[in-house]
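This report concerns only the one structure given below.
Below, chains carry the letters A, B, ... as their sequence lines are ordered, and counting in each starts from 1. Note that this is a predicted model, so its numbers are computed, not measured.
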2 protein chains.
Amino acid sequence: MGTTQLESVPEPKYWHLKTVLTEALDSEFSVGEILPNERELAARFGVARATLRQALEQLELEGRLQRRRGVGTTVAPPRVGVAVGTEQHAWPGAPGDDAWQAVDCTTAVPPAAVAAALETGRDEPVHTVRRTRMTHGQPVAAELLHIPAASVPDLTGIDAPSGPARARAVLRELQRLELEGRDSAVELGSARADDAKQLDRLPGAPVLVVTTRFFAEGRTAALSVATYRADTCRLTFGDSGGVEIHPDPERRAS
Amino acid sequence: MGTTQLESVPEPKYWHLKTVLTEALDSEFSVGEILPNERELAARFGVARATLRQALEQLELEGRLQRRRGVGTTVAPPRVGVAVGTEQHAWPGAPGDDAWQAVDCTTAVPPAAVAAALETGRDEPVHTVRRTRMTHGQPVAAELLHIPAASVPDLTGIDAPSGPARARAVLRELQRLELEGRDSAVELGSARADDAKQLDRLPGAPVLVVTTRFFAEGRTAALSVATYRADTCRLTFGDSGGVEIHPDPERRAS
DNA sequence: TAGTGGTCTAGACCACACC
DNA sequence: GTGTGGTCTAGACCACTAG
């Protein structure tokens with residue numbers, strides 16, 4: 001990494017700083033390595049800490065760095081590709097789908113936005129299953145899966161009113177319908193407090209929100225709202241088996 | 001909008017501020033309306049301008065606000081859904097695809113990352129077409145479309161070495177191949193200087209990068225890297241004709 | 001307890017749009 | 001010009017992790 005001094009250019013300092021750091025990351029650091037702390041880096045480049053942080057924030061947004069309070073700033077591994085397309089051209093929670101892990105399930109009248117997307121009447125109860133998606137032992141997504149009670153009418157013999165057991169029962173019932181189609185949308189968002197906790201991030205962290213509607217029996221039978229960590233994930237929508245570009249990135253533990 | 005004072009809670013001020021502003025936007029403002037300026041808002045809420053800005057940045061990231069230097073902060077319209085899936089299960093630049101607009105075309109040996117994704121040898125020339133995607137009169141995406149020279153061997157009769165005319169000729173040649181499949185990936189990035197200009201944003205603005213590989217004749221015949229404005233776009237991947245959720249948002253000019 | 005990143009302040013000046 | 005958002009500074013204190 002270079003030493004000091006920034007030229008006086010019309011380009012913002014933090015932008016130039018980001019370029020310099022990017023090159024340093026490419027050539028002088030390896031995954032997992034710890035960078036000097038922010039005060040030290042700021043001094044080394046002759047800028048205020050806030051300016052240095054502006055550069056670090058961008059690099060974190062681009063998945064190049066990972067910062068943890070009380071610990072430090074480390075070089076992030078390449079983003080992991082997570083399939084959100086046809087790899088599971090099936091109901092959520094299908095057998096063999098071990099990436100997702102049911103956490104909880106509640107039944108209630110949903111907020112207006114969810115009811116609208118489901119095209120259910122107001123006051124119609126909806127089961128909401130909370131799930132977590134794990135990859136390489138790390139949580140990458142938190143999901144709320146909304147299923148109108150009408151989609152799973154035969155939900156019987158389950159006395160648990162909530163919890164993982166009930167979540168799995170609801171998913172099992174869902175499999176009995178014939179899936180007719182689905183569509184998805186992806187947009188940028190910031191993590192709500194509950195999602196952030198599930199994703200091991202601070203509230204407000206950038207996330208990719210994937211909204212998927214599942215169709216069966218001519219209706220919207222389920223609505224999934226999944227928030228993926230934007231810093232660590234690359235969402236793949238392959239129809240020919242999304243090949244990894246990054247060849248098995250080595251993970252170095254510090 | 002409320003007047004003053006923030007309680008002393010363990011919650012960060014900017015986070016609370018964001019919540020308050022979100023509610024105000026929902027109830028007291030309409031699309032296109034101009035907010036008070038940052039110094040005024042900061043004073044009104046009793047915080048430093050930097051803190052107020054932290055809240056505004058998040059709201060802009062979520063597509064709720066639009067800020068323009070020298071002009072002011074306005075309430076953003078709902079995000080527009082742009083289809084990046086099967087609506088064009090065809091080559092880029094197919095007839096009737098008027099959303100995209102060819103800007104330029106150059107031919108050169110590509111950077112290593114592009115060559116790797118194309119699985120071409122190094123030193124093999126590649127045509128690079130630059131395009132812009134327009135929606136509702138606004139630019140929403142900037143794309144670099146990389147096409148190995150081997151994919152369009154019969155590129156003849158075009159004397160222009162670059163420019164829109166050549167771009168269209170390359171795309172026309174590409175149509176002659178039979179498309180066998182494609183896969184896409186979406187990830188968060190920040191706009192490079194050239195893309196930012198094309199998107200009418202500042203460099204570093206958050207973008208959704210859609211990387212698509214097109215397969216033909218058993219090879220990767222083209223590679224598209226499209227950067228979409230993350231603040232204004234919702235990418236749809238429907239296989240059943242992505243329906244709009246937001247019912248034709250009115251655009252109010254100021 | 002020591003060290004890290006996260007939040008916050010109260011200023012200053014700059015680049016740009018509009019009049 | 002005047003007013004806006006964008007950049008930058010030099011501090012301060014807080015929340016969290018780890019030895």
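Protein atom CZ of A:Arg68 is 19 Å distant from nucleotide atom P of C:dG3, rounded to whole Å. Taking atom CG of B:Leu65 as the reference point, atom C1' of D:dG6 lies 16 Å away to the nearest angstrom. Separating the CG atom of B:Leu56 from the C1' atom of D:dG6 is a distance of 13 Å, rounded to the nearest angstrom. Remark: P of D:dA10 and CG of A:Leu52 are 13 Å apart, rounded to the nearest angstrom. Between the CD atom of B:Gln66 and the P atom of D:dT4 there is a distance of 18 Å, rounded to whole Å. Between the CG atom of B:Leu17 and the P atom of C:dT7 there is a distance of 13 Å, rounded to whole Å. Across the protein-nucleic acid pair, A:Lys13 atom NZ and C:dC14 atom C1' stand 13 Å apart, rounded to whole Å. Counting to the nearest Å, the P atom of C:dG5 and the CZ atom of A:Arg69 are 12 Å from each other.
Of the N and O atoms on the side chains of A:Glu33 and A:Ser30, at least one donor lies less than 3.5 Å from an acceptor on the other residue. With 3.5 Å as the limit, one finds a donor-acceptor pair spanning the side chains of A:Ser224 and A:Glu143. Between the side chains of B:Thr132 and B:Gln198, at least one donor-acceptor pair of N or O atoms lies under 3.5 Å.
For D:dG19, there is no paired base (Watson-Crick or G-U wobble, both distances below 3.5 Å).
Between A:Thr51 and the phosphate of D:dT7, there is no side-chain N or O to OP1/OP2 separation shorter than 4.0 Å. Between B:Thr73 and D:dT4 there is no side-chain N or O to OP1 or OP2 distance below 4.0 Å. Taking 4.0 angstrom as the limit, B:Asn37 places a side-chain polar atom (N or O) nearer than this to OP1 or OP2 of D:dT4. Residue A:Tyr14 places at least one side-chain N or O closer than 4.0 Å to OP1 or OP2 of D:dT7.
Within 4.0 Å (heavy atoms only), A:Arg53 reaches at least one base atom of the nucleic acid. Using a 4.0 Å heavy-atom distance criterion, B:Arg49 is classed as a base contact.
Side chain B:Arg39 to base D:dG3: no donor-acceptor pair is found below 3.5 Å.
Residue A:Arg166 holds its CZ atom at 4.0 Å from OG1 of A:Thr107, rounded to the nearest 0.5 Å.
Residue B:Val71 places its side chain closer to C:dA17 than to any other of C:dC8, C:dA17, C:dT9.
Checked by atom type and distance alone, the side chain of B:Arg79 pairs as donor or acceptor with a backbone atom of A:Leu188 at under 3.5 Å.
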